[in-house]
2 protein chains.
Amino acid sequence: MAEQREQQQTRTRRRVRTSHSIEAVLAAAVGILDESGAQGLTIRALATRLGGGPASIYWYVSGRDELLDLAADSVLAGVLNDVSDVGGGDPIDDLRTIAVAMFDAIVDRPWLGAYAMRDTGQQVNSRKLYEKIGEQVMRLELSPRQCFHGTSAIVGFVIGTAADMGQEPPAAVVSGEMDRDDYLAGATAEWRALDPAEYPFIHHIVDEFATHDDRDQFRAGLDLLLAGLRLTAGR
Amino acid sequence: MAEQREQQQTRTRRRVRTSHSIEAVLAAAVGILDESGAQGLTIRALATRLGGGPASIYWYVSGRDELLDLAADSVLAGVLNDVSDVGGGDPIDDLRTIAVAMFDAIVDRPWLGAYAMRDTGQQVNSRKLYEKIGEQVMRLELSPRQCFHGTSAIVGFVIGTAADMGQEPPAAVVSGEMDRDDYLAGATAEWRALDPAEYPFIHHIVDEFATHDDRDQFRAGLDLLLAGLRLTAGR
DNA sequence: ACCTGAACACCGTTCAAGT
DNA sequence: ACCTGAACACCGTTCAAGT
C-alpha cells in the first residue's frame, strides 16, 4: 500500500519538490552570471531561479567557488567546439586562431576571465583547451621545457589581458555600451589633464587610447608574443 | 567652560575615540591582506585592527573595492622606488627589469595580482608604473599606436601571469610552502593519470611542470614577448 | 572633521529532518 | 538520492547622532 502511493506520487502527482541536475544548475548559474556578473551569482539567487532552497545547491557543488569554476568551464565547451577543426595549418596561425576564440568568449562574458583555466584538475574543458594549445606549440619542435613555457605564456597572456579588459569599471555598471564609452571618455580626459612633463608617454599615446578597440589591442600583443615564439622556434 | 573641558580632553584625557589616517588605514589593510588574503580583508576586521567601528572606514574610502585598489596601489610605491634608477640602458633590458620587479612583488603578495593596475585614475603608483614602462617602449622608436600596444601587452602579461600564479589553490590554504608543494605534487599525479592518447602534450611536459619554478616560467614568457617587440622595433 | 551606535538587508554554509 | 527548513555566524553599507 505504501508502495502503491509511492508509485502514484511518482507517476501522477504534481511535483512539490523541485529537482535539478548539475547541467541545469550550471546553465542557471551562467544565466545569472551573464545578466549580473560574478557579484550577482549568489547561492540564494541561484536557488530561487531553480525554484528551490539554497541548501539544495550543495548537493551538486561543494561551494560557491566550485560553482564559479564549473560554470566558467561549462562555457569553454563552446570555445573548444569552435576550434575543433583547428590544427592542420601553420602552428603559429593555429595558435592565433585558438587564442582569439578564447579572447572573444571572454569579451562576450567578462566574468569568464577570472574563473576560466584556473584548475585543470576540476575544469575539464580548460584542460582540453590547454592541451589543444600545447599541441600546436609541440609542432614547433621545441624542447619540452620550451613547449611548456610557450604554452603557459600564451594562456597567461590571453587570460590576463582578457580578465583585465573584462573588469567592470570602477562605477560598476553592468549594462549597455553607452557606459563603456562614457568610461573611456572619462579616463581619456583624466589622462589629458595630467602634467605632460611628468607623463610624456601617456600623452604620447592618449589619442590611441581614446580610439582603441580592445580586440585590436589584444591581437597586437598576441602577435608580439607569437613573433617571439616563431623566432625561438627558428621557422 | 565648555571650551576648557574641550581643551583638557584634547591635552590630557585618554582618547576614547580612536583616530586614524588614510595611511594608517591602508597599512592595516595591507597587513591583513598579507596575513589572510583578500578574503580576510573585511571592513569589520580592518576596523577592529584599527580599534574603531566599521563605519569609520567609510570616512577614508568609498567602499571595500576602493580599499582594495588603494591598498594594492600603496604597495606599488615600493616597486616604483626599486626601479627608480632604471631607464638608461637597453630599452628591452630595462623593460625586463621593471617587469620582473613587478612580478616579484606579486609573488610576495599574491593578493596584489587582482587589484594592481586596475584603475590608473585612482591608483597613482599604477599610473606611474604604466608611464615608466611606456617610456622605455617609446625609446624603441615605434609609432604611438605600436607604443600603446606594446606597453599594454607587457602590463597585461605581467599582471595576468602573476595573478594566475598567485591564485590560492582550490583547497584555499593561506600558509607555508609545504602546501604549495603538495598541491603541485597532486596536480602532477592527476596529469600523469590522464590518457596519453588523449593528452599527448600534457604528458610531454609533465616532468617540466613537476619541477618548474614560477619565476623561470614567467621570465621565459616575458622574453618571448620582448623578443617579438624587439623584432618589431627592428633593433 | 571624524567617529560611534545601531540597524538594515543581505550573505555562504551546515545539518537534522523529510521524501 | 536529493531536497527542505531553519538556523548560525557572519557580511558591506548607511545614517542619525555625537564630539
Side-chain angles (χ1 to χ4, degrees), chain A residues 1-26 28-29 32-33 36-71 168 170-172, chain B residues 1-26 28-29 32-33 36-71 168 170-172:
Chain A
M1 204 166 86
E3 286 165 11
Q4 216 175 6
R5 222 182 74 231
E6 190 85 2
Q7 285 203 348
Q8 253 193 359
Q9 280 192 346
T10 318
R11 281 207 219 112
T12 65
R13 228 188 65 182
R14 193 100 138 291
R15 273 189 174 279
V16 296
R17 295 182 61 194
T18 43
S19 170
H20 356 291
S21 67
I22 181 68
E23 289 80 19
V25 170
L26 296 183
I32 294 176
L33 286 164
S36 10
Q39 227 184 35
L41 181 64
T42 65
I43 300 286
R44 295 172 125 99
L46 178 59
T48 301
R49 173 172 293 221
L50 290 166
S56 70
I57 306 298
Y58 291 84
W59 181 258
Y60 297 96
V61 116
S62 71
R64 189 174 178 273
D65 264 24
E66 190 176 303
L67 176 66
L68 254 342
D69 276 356
L70 292 182
E168 55 217 294
Chain B
M1 201 167 89
E3 287 166 11
Q4 214 175 7
R5 222 182 74 231
E6 190 85 4
Q7 286 204 347
Q8 253 191 1
Q9 280 192 347
T10 319
R11 281 208 218 110
T12 66
R13 228 188 65 180
R14 195 101 138 290
R15 273 189 175 279
V16 295
R17 295 182 61 192
T18 43
S19 169
H20 355 292
S21 65
I22 181 68
E23 288 80 19
V25 169
L26 296 183
I32 294 177
L33 286 164
S36 10
Q39 225 183 37
L41 181 63
T42 65
I43 300 286
R44 295 171 125 98
L46 178 59
T48 301
R49 175 173 292 220
L50 290 166
S56 70
I57 308 297
Y58 289 84
W59 182 259
Y60 297 96
V61 116
S62 71
R64 190 175 178 273
D65 264 24
E66 190 176 302
L67 175 67
L68 255 340
D69 276 356
L70 293 181
E168 54 217 293

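First the proteins, then the strands, lettered A, B, ... as listed; each starts at 1.
Taking OH of B:Tyr60 as the start and CG of B:Leu50 as the end, the distance is 9.0 Å to the nearest 0.5 Å. Atoms OG1 and CZ, from B:Thr48 and B:Arg44 in turn, are 9.0 Å apart once rounded to the nearest 0.5 Å. B:Leu67 contributes atom CG, which lies 7.5 Å from atom CD1 of B:Ile57 (distance to the nearest 0.5 angstrom). Atom CG of B:Leu26 and atom CD1 of B:Ile22 lie 4.0 Å apart (nearest 0.5 Å). Here B:Leu46 contributes atom CG and B:Ile32 contributes atom CD1; the two are 5.0 Å apart, rounded to the nearest 0.5 Å.
Base pairing annotation: D:dA6 forms a Watson-Crick or G-U wobble pair with C:dT14, both donor-acceptor distances under 3.5 Å. Across the strands present, D:dT19 finds its partner in C:dA1; the criterion is a Watson-Crick or G-U wobble pair with both atom distances under 3.5 angstrom.
Look at A:Tyr58 and you won't find any side-chain N or O under 4.0 angstrom from OP1 or OP2 of C:dC15.
With DNA chain C read from its 5' end, the first of the two nearest nucleotides for A:Ala55 and A:Ile43 is the one closest to A:Ile43. The 5' end of DNA chain D is approached more closely, in terms of each residue's nearest nucleotide, by A:Gly53 than by the other of A:Gly53 and A:Arg44.
We find that CD1 of A:Ile57 is positioned 18 Å from P of C:dC15, with the value rounded to whole Å. A straight line from CG of A:Leu68 to P of C:dG12 spans 10 Å, rounded to a whole angstrom. Distance, A:Tyr60 OH to C:dT13 P: 18 Å, rounded to whole Å. Spacing between atom CH2 of B:Trp59 and atom C1' of D:dG18 amounts to 14 Å, rounded to whole angstrom units. Atoms CG (B:Leu41) and P (D:dC11) sit 11 Å apart, rounded to a whole Å. Atom CZ in B:Arg64 sits about 16 Å away from atom P in C:dC11, given to the nearest Å. Spacing between atom CD of B:Gln39 and atom C1' of D:dA9 amounts to 15 Å, rounded to whole angstrom units. In this structure, A:Leu46 places its CG atom 12 Å from P of C:dC11, rounding to the nearest Å.
Here the separation of D:dA9 from C:dA9, taken at their P atoms, is 23 Å to the nearest Å.
Across all strands shown, A:Thr42 has heavy atoms under 4.0 Å from sugar-phosphate atoms exclusively, and none from any base.
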